[in-house]
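Each remark here refers to the structure printed beneath this line.
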Amino acid sequence: MSDRILRIDMTSGSTVFEPVPEAWAGLGGRGLTSAIVAAEVPPTCHPLGKNNKLVFAPGLLSGTRAANSGRLSAGAKSPLTGTIKESNAGGTSARMLALMGIKAIIIEGMPEEKKLFGIHVTHDSARIVETDMAGAGNFSVVEKLSGEEGGKAGVISIGPAGEMAMPSANISVKDPQGRVRSLGRGGLGAVMGSKGIKYLSIDPSDAPGISYADENAFKEASKVFAKALTEHPVSGEGLPTYGTNVLLNVLHEAGGLPTRNFRTGSFDGHEGISGETMHARIEERGGEGRVRHSCHPGCVIQCSQVYPDKNGKVKASGFEYESVWAMGANCGIDDLDALAEADHMLDDIGMDTIEFGVTMGVAMEAGILSFGDASGMLRILKEEVTKGSPLGRLVGAGAECLGKAYGMRRVPTVKGQSIPAYDPRSVKGMGITYATSTMGADHTAGYTVTSNILNVGGMVDPLKKEGQVELSRNLQIATAAIDSTGLCLFVAFPVLDIPESFNAIVDMLNARFGLSLTGDDVSALGTSILKTEREFNRKAGFTEAADRLPEFFSEETLPPHNTIWDFSDAEVDAFWEF
Amino acid sequence: MEIGVRLFAGFRKERFRESAMAWEAGMTPRSIAGLLKIPMEEVGIIFVNGRHADPDLPLLAGDVLSLFPVVGGG
């Protein structure tokens, strides 16, 4: 059976399976969501209106035996940035959709009455039903649906933040243990909420499964690929043992850890929230805690973990560096248990941890609460955000909006999206990525930390300007291509160092689809995705003037290296010369 | 001369987190790693005073050396 597109019209309540147009046949993941949004969404539409569309797509290799191929992409026009948006996450849904032969789900229109719906998807049907789960947190939605439909059903859901259409609302994807991963950035949960959808439940029984043009060739290539992932020291040892939060101490030592709303590049309380401390605490507390955890079936890297509370009960899972940094160092908080509590609440409410943490940093600078006030932060989540009070709405609107409301000048955002965990003054390649990314400030778009800090894929001095534009460009192109395969971005660590692993990805694509792609074709795919996204943004009103970091980065030096952001506009704009 | 040495991730096991002790003059990141029985091929990042440093950089009194294994995240 050939792949299809499931189109769901929330205005009429109709659902239809359509054949895949020729132009989209070779696309998956981000490549497909961005192509669909660019083709079907008017760039000047209101992100929460009937003309915006929410698109889900598994990657080109999702559902196959390829290791780490279970990323699900979601795309739309972003209510946070006003740009095109793609966000991807693990969980079980991408694999299921691929096995069901569903290449993408396009959700369009919006219901005339303010009602809340769930959508039940099987391999040959989609049913829209009214739901009484208004106001429910993601964990109870997942639990309820897993009970009704069998524990194995996939769930894609929003929490109260999405229902309230907060610009920092995310979309949750159920993981293999019934906890959640997040399509985190850019407010896609608000788009889902605006269409009156609380959840999609995915029942993969009777799915036709994956067909391979050359199954033996695929098997061979997938073995080479998995071997590279398990043998590279970062994906095979560092990430599984300490998780992404090993970076906390790395960035602190490098002087690139944004602290107390980007005032300094190192945090005196770093040791209390470091990856080493997290690892030791998980081992000490035992119980349900796990140092290693796969966020999707087929993940061999296992960078996720289960962080237990003092009684050994699950507190947070997928407790990432970005979240720990945003609510920790950036807010002057060194209490890991408090951060785990906040992380858990944000998963339940359905809100991006990065946007929330950076917004709290601005709120602290504005005097709404003090730096270091962990209980104040938890109170705001519990009493204000969850209940949708005026302050809660302001926090949910993100750092730029809260900053404006309080007359703040030091607001770390680009295109309205909060800058993540690497200060652009001392990790300069990341500044180029934040400025130029089609997504607004996004670390995953072109992760120059590899060469700037980690010495993977070559070395480019993080404190100097030389080489940063080219580094960011090459990584943004490669990332757009990887984001289309359904592969976890962390495969980049071996891919940057082991040439066979990149060839294995090309071989897997060829063996799956009967193609004869070369490495150059994969790079051309990345280039074409970036240009499609940029063209959407241009039509939405974004010019080069939006590719800029906030002014304070060029005016305030960052201790300990006392560097500033010193790229000229022309130097930044040269990024797009390809 | 006194040099601060900070170890991270797996390097801390059966060693230490941070030490400020006196070393002989003429030490380098490589020689300190050797004395701590850390194989250089396991070292992913060497910072001296928060900047990337060559393994053979002569260390000066008051320097802080940070050694990380090969790690990543994001």
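Sequence lines set the chain letters: A, B, ... in the order given, protein chains first and strands last, and positions in each chain run from 1.
With sequence neighbours excluded, no residue satisfies side-chain contact (heavy atoms from CB on, under 4.5 Å) with A326(A). Under the rule for a ring-ring contact (aromatic ring centres under 6.0 Å, His included), F267(A) has no partner lying at least two apart in sequence or in another chain. For A478(A), the side-chain contact (heavy atoms from CB on, under 4.5 Å) test picks out no residue, with sequence neighbours left out.
Heavy-atom distances place both the backbone and the side chain of P233(A) under 4.5 Å from chain B. At a 4.5 Å heavy-atom cutoff, L489(A) makes no contact with chain B through either its backbone or its side chain. For chain A, the nearby part of F47(B) is the side chain; its heavy atoms alone come within less than 4.5 Å. The contact between V246(A) and chain B is made entirely by side chain atoms (from C-beta outward), counting heavy-atom distances below 4.5 Å.
Closest approach of G72(B) and L454(A) over heavy atoms only: CA-CD1, 3.7 Å.
When the shell of 6.0 Å around NZ of K465(A) is examined, it contains more than 12 heavy atoms from other residues, nucleotides or ligands.
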Give the atom names and distances for all donor-acceptor pairs closer than 3.5 Å across chain A and chain B.
residue, atom, partner, partner atom, Å
Y242(A), OH, G10(B), N, 3.1
E253(A), OE1, R6(B), NH1, 3.0
E253(A), OE1, S66(B), OG, 2.6
E253(A), OE2, R6(B), NH1, 2.9
E271(A), OE1, R12(B), NH2, 2.9
E271(A), OE2, R12(B), NH1, 2.9
E271(A), OE2, R12(B), NH2, 3.3
E276(A), OE2, A9(B), N, 2.8
N452(A), O, H52(B), NE2, 2.7
N455(A), ND2, G44(B), O, 2.9
H561(A), NE2, G50(B), O, 3.1

(message) One pair to check against side-chain contact (heavy atoms from CB on, under 4.5 Å): V71(B) and F493(A). What are the steps and the verdict?
(response) CA-CA 10 Å; V71(B) 292; F493(A) 289 109; over 6 Å; no

